[in-house]
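Down below is the structure, laid out as structure tokens.
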Amino acid sequence: MSVDMDIVNLTALEVGALIKQRKLSAVEAVDEYIKQIRRNEPVYNCYISLDEEYVRRKALQVQEKLKGDLYTSCLAGVPIAVKDNICVDGLRTTAGSKMLENYISPYSANVIELLEAAGCIIIGKTNMDEFGMGNTTESSYYGVTKNPYDVSCVAGGSSGGSAAAVALSECACALGSDTGGSVRLPSAYCGVVGIKPTYGSVSRYGLIAYASSLEQIAPIAKDVSDCVAMLDTMAVYDKRDATMLKHKSGNYKAALVQDVKGLRIGVPVEYFGDGLDNDVREHIMEALRIFEAKGAIVEEFSLKYTKYALPAYYTIAASEASSNLARYDGVKYGYRAEHYSGLHDMYKKTRSEGFGDEVKRRIMLGSFSLSSGYYDEYYLKALKVKDEIKTEFNKCFERYDIVISPVAANTAPYIDEYTGNPIKGYETDFYTVTANLIGIPAISIPCGRSTSGMPIGMQLMGRHFDEATLFRTAYTYEQAVK
Amino acid sequence: MRITDEIMETVCILAKLELSDEQLKKAKKDMEQLVAFVEVLDEVDIGEPEQTGMETDFILREDEIINSDSRNELLNNAPLVKDGMYIVPKTI
């Protein structure tokens, strides 16, 4: 079989179709992506680990099974990139940190088991902000990932490597994780599609924990259909994750129809105030005009608790992080300091040397919020505000099917733009953290480019377990602007 | 609120972190900014928030061993190992 087509620029489903039709083999597919990676990586730095021998070995195994028609999935043979906080058996899993620089995972995450059973091939582990803490990938111990559209800008984070790898066709599609926008934001900055599923719909077994009540593993892909195919494969009940809900799994494929007639779209005024870039505003307004022309009902309304989502998020996330990262003590795995005197000194030196500044900042904030004398005033208060936000959204979803917003106030910032000013960096998450706080699904889809050519993303949020309406709405828009 | 040296000392003990004087000075400044950032939550008048948990069955599983013996694989990641045990500084 000769490879005379530009494979890497196809969508994941298109690659899967060629493989199913035997016009392309799994080995040929990975070879093309490896060539693409070698072309781009010296500039963009999307990957932390890439083991070509491992990938080719896996591709040969998949190819044998393809010959025997043993796969039914439309993603069989498709190379996917995996964010480096998702465990893959036998592969280095670093979480973007020095702390886990040499950690070889002894098991695979549930989503990896599902995707490999469907015939996907893990092509490599992608760059990320350290332990998921950040929104630019600048806090990675392994260097920043550059934006595919402008190398002086960031790819976003914390799943920057995954989003950039999809945009650069260094993989057919990718996995990220989203704790406060970490899939949606880099997807917007890189001009690709990313969806954070409903909390409890995708197993977190095998996801290196940052903030357990907020995060979900999430797909990133070139279009809505690819995201649907990935989520249909990943959103399967797993008893090893006690926070999973036994919902009706998947079949989101049925949502890929162009129909928004009668759909009620809410536009919160708080998300479109001063501080929003005019290019971003105009592109989302244009998207709303398209929805209206197709029969949707668009209405402005107010969400009065909007401004409290970000401080509530950072208090809760930092608190959970301080607990989740307490396990890194240099005893059973990970980095251990070279020089120490006694056990507690070993703990302190290991953690102080093994973690980067952002991680230490959040652990300290979390430790403070949970400590005696401050717990009620900070952590408990944040939980109660979260409940108020959830109540407000429950009321909003009695009237609206979808809530629309920007993903970020601007397009991708310059590298080092937030250095020395962490709060300014945190404010980027203004639009995205609410979905994590209250557990609803949210998708980021490209809605055009700024005057300087940088991608703009818009966010659609929906009711719990109503990914179908998100996909239908996103697909309708995507097809309208094709 | 003001972040004092005592608060920073307690936080470092809880977080099991050791900072140099210069790092501590910067961390204290960062902490003040972060705490000020989250203190806007004081504006919210919390009455009795509605119960927002979902009605769902408490999902339990059988208490059965499903893991295989992966002792050697797990020990492979340890910084220091001897006779199948993790080695740490003497504590007694």
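In what follows, every chain begins at residue 1, and chains take the letters A, B, ... in the order their sequences are listed.
Applying the side chain to side chain contact (heavy atoms under 4.5 Å, CB included) criterion to B:L80, with sequence neighbours excluded, gives A:R336, B:I87. Residues passing the side chain to side chain contact (heavy atoms under 4.5 Å, CB included) test with A:A109, sequence neighbours excluded: A:I86, A:V111, A:I112.
Remark: A:K246 qualifies as a cation-pi partner of A:Y237 under the 6.0 Å distance and 45° angle criteria applied to the six-membered ring.
Of the atoms belonging to A:Y305, it is side-chain heavy atoms, and not backbone ones, that fall under 4.5 Å from chain B. Using a 4.5 Å cut-off between heavy atoms, A:N421 does not touch chain B at all. Contact of A:A318 with chain B is not made at all, since no heavy-atom distance falls under 4.5 Å. Heavy-atom distances place the side chain of A:Y374, and not its backbone, under 4.5 Å from chain B. Contact of B:Y86 with chain A is made through the side chain alone, with heavy-atom distances under 4.5 Å.
Side-chain atoms of A:D241 and A:N110 include no donor-acceptor pair closer than 3.5 Å.
Ring centroids of A:Y335 and A:Y328 are separated by 6.0 Å or more, keeping the two rings apart.
When each of A:A312, A:A242, A:S371 is checked for heavy-atom pairs under 4.5 Å with chain B, A:A312 comes out on top.
At a heavy-atom cut-off of under 4.5 Å, chain B is reached by A:G342, A:L343, A:H344, A:D345, A:M346, A:Y347, A:K348, A:K349 from residues 341-349 of chain A, listed in order of number. Residues of residues 68-76 of chain B having a heavy atom under 4.5 Å from any heavy atom of chain A, listed by number: B:E73, B:L74.
Between A:R351 and B:E18, none of the side-chain N atoms (NZ, or NE/NH1/NH2) sits under 4.0 Å from a carboxylate O, so this pair counts as no salt bridge. A salt bridge links B:D30 and B:K26; the closest N-O separation between the charged side-chain nitrogens and carboxylate oxygens is under 4.0 Å.
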Legend entry - Test log, rule salt bridge (charged side-chain N to carboxylate O under 4.0 Å, His left out), inputs A:E320 and A:R362: CA-CA 10 Å; A:E320 292 187 12; A:R362 294 194 196 193; over 6 Å; no
